[in-house]
Amino acid sequence: MQLRKVTAVAATALVLSVTATACGGGGKDSSGSGSGGGKIKIGIKFDQPGLGLKQPNGTYAGFDVDVATYVAGKLGYKPGQIEWVETKSADRENALARGDVKFIAATYSITDERKQKVDFAGPYLLAHQDLLVKKDSTISKGTDLNGKKLCSVTGSTSAQNVQKTIAPKADLRKYSGYSECIAGLQSGAVDALTTDDSILAGFAAQDRYKGQFKLAGLKLSNENYGIGVKKGDSATVTKINSALTSMVSDGAWQKAVTKNFGPADYKNEPAPKIGVIVK
Ligand code: GLU
């Protein structure tokens, strides 16, 4: 895997001049009907601490939640107008195609395959695939996984990368969410869990898991997080890119990083440039 090879895509996205208007969606789908009392439906994860988490008191927290809330604000929606919808890894493309949500901010990597079905704004974060293992595990590199029970999630790039390149002979168990994987790692049903380091760090820092697991620190891939929108909705992509640009320049992006990744001691990459994908 060649890291840090920067490819400029969607050069037009770099010369943004459009300002998000005060008017919201206005589309005919059910995902958002504009500002002035309307609601906007936004897809996030519900079970990923530090990124997208439904808390016991019914509120939502995490970096993706903060990014989505900021973006919705620029689209003309107040936090109280947001309806959060759970979009699991395997459901994301379909949720957008059906118009269930206006956009998705759910640790959603921009890939060529997904771009056939959805459009992306961003990227807004660069993460890397890594492994989470028990503290006393001897697994320390990708090839150590061959013959081992490994958990990842259906519809994720992490599961695909394992099968294609990292450890094709691993006994890969695909679950529907990472919270199921972490339970499997704790019980010993699996030997390792693989996905983005951002997600793994969030789990490892949870009180109930503290001291039990370690990250391998491998940077097995580049995961460029984008905001997914319905294929062809270029007006929303342009507005979201504009919102993400101002989120970085006005300091809100860094604030969200510190608030959400600080507790997990996750050392994130600097803010990506809009339209620039690290291959
Ligand atoms: N970022 C990767 C992906 O989009 C893994 C995390 C996830 O499943 O959401 O597939």
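Ligands are counted one by one from 1 in listed order, and the atoms in each one are counted from 1 as well. Since the model is a prediction, treat every value here as computed from it, not as a measurement. Basis for what follows: all heavy atoms, side chains included, without hydrogens, waters or symmetry-related copies.
- Every residue two or more places apart in sequence or in another chain that forms a salt bridge (charged side-chain N to carboxylate O under 4.0 Å, His left out) with K231 is listed here: D119.
- Note on K267 versus D265: salt bridge recorded, some NZ/NE/NH1/NH2 to OD/OE distance being below 4.0 Å.
- Taking Y178 as the reference, nothing meets the ring pair (Phe, Tyr, Trp, His ring centres under 6.0 Å) condition, with sequence neighbours excluded.
- The immediate protein surroundings of ligand 1, defined as residues with any heavy atom under 4.0 Å of it, consist of K45, S89, R92, A106, T107, Y108, S109, R114, S156, T157, S158, Y178, T195, D196, I199, E223, Y225.
- For the disulfide (SG to SG under 2.5 Å) condition, the pairs that include at least one residue of residues 148-216, sequence neighbours left out, are C151-C181.
- Proximity of the aromatic rings of F261 and F63 is defined here by a centroid distance below 6.0 angstrom, and this criterion is met.
- A salt bridge between D100 and R98 is present, with a side-chain N of the basic residue lying under 4.0 Å from a carboxylate O of the acidic one.
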